[in-house]
Amino acid sequence: MREHLFDKLTPVYEEMWDSVEKNGFDVNSLSEFRTRVGSHYQKESDSPFGLLIAGRCPNGWDENSADQEHLFPKNNSALINVSRRIASHFYAGDVPEEHLAWTNSAHICDVDYGNVGKRLWKAQLEGIKKIATAEQELLKPQVSVLLTGVDCDWDEPFWNYLSANGCSEPFREERIIETTAKSTRVCKFLAYECEGRLFIITDRPETFARQKFADKVCMIIDQWLRKNR
């Protein structure tokens, strides 16, 4: 499945690299991320449904990363921690995240870490819109959780698919409200239904309790699955 996706998207990556270079970027300082597909993704015996997780940038994890046997790099970032908690809720086994597919908004990023700047984002935007659509068409996830942020542009590539299929308004909104001595923080979760699939767009998980964040996502998925089975 991953190889099929790679083959289809190779020309798209070539187009993105050409665009990035034409916009004056040093390609030697950049790396390429390609969609990661877990070894148990969509296996009928132990994966009841396909779940895709999306972040913003891979932060150094690319096609040349040493540890290619695992879905995620060996760190405990908020995205990876929350993704593993979500996976363990739905899938059994010692490595539940191997049931997931993992992607990012940006696919050409700085070699080491960090989010891409606006110029680099625009240089690859048309390509990553095509990638996000191809992921839906080829991987066919029943549920996509976009940990990209609600009030920003990081979810734009995924809207290429959603808009093309007539999706515009969320059917559900959930919130986490955390109050500290200094401030009140609100985390939003927007749920969309498109072509019989569930899309959840969330605020970033970094500043919120990770278990509470994962529980909210799982609750939305559980209720949607019960309704559609």
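Each residue takes its place number in the sequence, starting with 1.
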Handout entry: Transitive ILVMFWY side-chain link W159 to L139, under 4.5 Å
Key = no
Problem - Interatomic spacing from SG in C187 to CD1 in I176 - rounded to 0.5 Å - result: 5.0 Å
Handout entry: Chi angles and distances behind the side-chain contact (heavy atoms from CB on, under 4.5 Å) call for T103, F158
Key = CA-CA 11 Å; T103 191; F158 308 100; 4.2 Å; yes
Fill in the blank from the handout: dist K130:NZ -> E137:CD (nearest 0.5 Å) comes out at 12.5 Å
Completion exercise
Rounding to 0.5 Å, atoms OG1 (T207) and CZ (R185) come to a distance of 5.0 Å
Exercise for the section: Take atom NZ of K227 as the centre, draw a 6.0 Å sphere, and report whether it contains more than 12 heavy atoms from other residues, nucleotides or ligands. Expected result: yes
Problem - Minimum heavy-atom distance K43-S39, with the two atoms named - result: CE-O, 3.1 Å
Exercise for the section: Any pair with a residue in residues 202-222 that passes ring-ring contact (aromatic ring centres under 6.0 Å, His included), sequence neighbours left out, goes on the list, sorted by first then second residue, please. Expected result: F189-F213
Handout entry: Check: I108 and V116 side chains under 4.5 Å, non-hydrogen atoms
Key = no
Handout entry: Closest approach of V12 to G127 (non-hydrogen atoms, all atoms of both residues)
Key = CG1-O, 3.4 Å
Handout entry: Derivation and outcome, side-chain contact (heavy atoms from CB on, under 4.5 Å), residues K122 and N23
Key = CA-CA 10 Å; K122 289 181 179 179; N23 278 272; over 6 Å; no
Practice task
Take the angle between the ring planes of Y91 and H99 and call it parallel below 30°, perpendicular above 60°, tilted in between.
Solution key: parallel
Completion exercise
For D7 and P11, the nearest pair of non-hydrogen atoms, with its separation, is O-CD, 3.9 Å
Practice task
Rounded to the nearest 0.5 Å, what's the gap from CG on L146 to CG on L52? Could you check?
Solution key: 7.5 Å
Problem - Single-linkage hydrophobic cluster, 4.5 Å side-chain cutoff, L190 and M219 together - result: no
Practice task
Could you tell me whether the side chain of R197 and the main chain of Q136 form a donor-acceptor pair under 3.5 Å?
Solution key: yes
Practice task
For the residue pair C194 and F199, establish whether any side-chain heavy-atom pair is separated by less than 4.5 Å.
Solution key: yes
Handout entry: Q142 side chain to G50 backbone, donor-acceptor under 3.5 Å
Key = yes
Practice task
Indicate yes or no for a side-chain donor-acceptor contact from R56 to the backbone of T148 under 3.5 Å, with no hydrogens or angles considered.
Solution key: yes
Exercise for the section: Establish whether F90 and I80 are linked, either directly or via other cluster members, by ILVMFWY side-chain heavy-atom contacts under 4.5 Å. Expected result: yes
Practice task
Search all heavy atoms of A132 against all heavy atoms of P157 and return the closest pair with its distance.
Solution key: CB-O, 3.4 Å
Completion exercise
I128 and S105 have their tightest heavy-atom pair at CD1-O, 3.2 Å
Handout entry: Cation-pi geometry met for R84 and F72 (6.0 Å, 45°)
Key = no
Practice task
Answer yes or no: is there a donor N or O on one side and an acceptor on the other, between the side chain of S19 and the main chain of A123, under 3.5 Å?
Solution key: yes
Handout entry: Test item: R119 side-chain N/O and F25 main-chain N/O as donor-acceptor pair under 3.5 Å
Key = no
Problem - Side-chain donor or acceptor of H107 paired with backbone N/O of F33 under 3.5 Å - result: yes
Exercise for the section: Using the rule that two of Ile, Leu, Val, Met, Phe, Trp, Tyr join whenever any of their side-chain heavy atoms come within less than 4.5 Å, decide whether Y13 and V37 are in one cluster. Expected result: yes
Handout entry: Transitive ILVMFWY side-chain link V150 to V217, under 4.5 Å
Key = no
Problem - Other residues, nucleotides, ligands: >12 heavy atoms within 6.0 Å of E21 CD - result: no
Exercise for the section: May I ask you to test the W224-F171 pair for a side-chain heavy-atom distance under 4.5 Å? Expected result: yes
Problem - W17 side chain near L30 side chain, heavy-atom distance below 4.5 Å - result: yes
Exercise for the section: Using a 4.5 Å cut-off on heavy atoms from C-beta on, say whether the side chain of Y41 contacts that of P141. Expected result: yes
Practice task
Measure the shortest side-chain to side-chain distance between K188 and I201 over non-hydrogen atoms and say whether it is less than 4.5 angstrom.
Solution key: no
Problem - Flag side-chain contact, heavy atom, 4.5 Å: N115 against W154 - result: yes
Exercise for the section: Would you confirm whether E135, through its side chain, and A101, through its main-chain N or O, come within 3.5 Å as a donor-acceptor pair? Expected result: no
Practice task
Enter the distance from L100:CG to I53:CD1 here, rounded to the nearest 0.5 Å.
Solution key: 5.5 Å
Exercise for the section: Verify side chain to side chain donor-acceptor pair (under 3.5 Å) between N160 and T133, making sure each step is shown before the conclusion. Expected result: CA-CA 7 Å; N160 198 50; T133 293; 3.2 Å; yes
Practice task
Give, for atom CG of L147 and atom OG1 of T202, the distance between the pair rounded to the nearest 0.5 Å.
Solution key: 4.5 Å
Practice task
Ignoring hydrogens and angles, tell me if any N or O in the side chain of Q124 forms a donor-acceptor pair with the backbone of A106 under 3.5 Å.
Solution key: no
Handout entry: Exercise: identify the closest heavy-atom pair between R85 and A214
Key = CB-CB, 3.7 Å
Problem - Any side-chain heavy-atom pair of V82 and V145 under 4.5 Å - result: no
Exercise for the section: Might you work through the side-chain contact (heavy atoms from CB on, under 4.5 Å) test for L138 and L9, ending with a clear yes or no? Expected result: CA-CA 11 Å; L138 296 177; L9 292 179; 5.8 Å; no
Exercise for the section: For E156 and K129, run side-chain contact (heavy atoms from CB on, under 4.5 Å): C-alpha distance rounded to whole Å, both residues' side-chain angles, the deciding distance at 0.1 Å, then the answer. Expected result: CA-CA 8 Å; E156 183 175 354; K129 286 180 179 179; 3.7 Å; yes
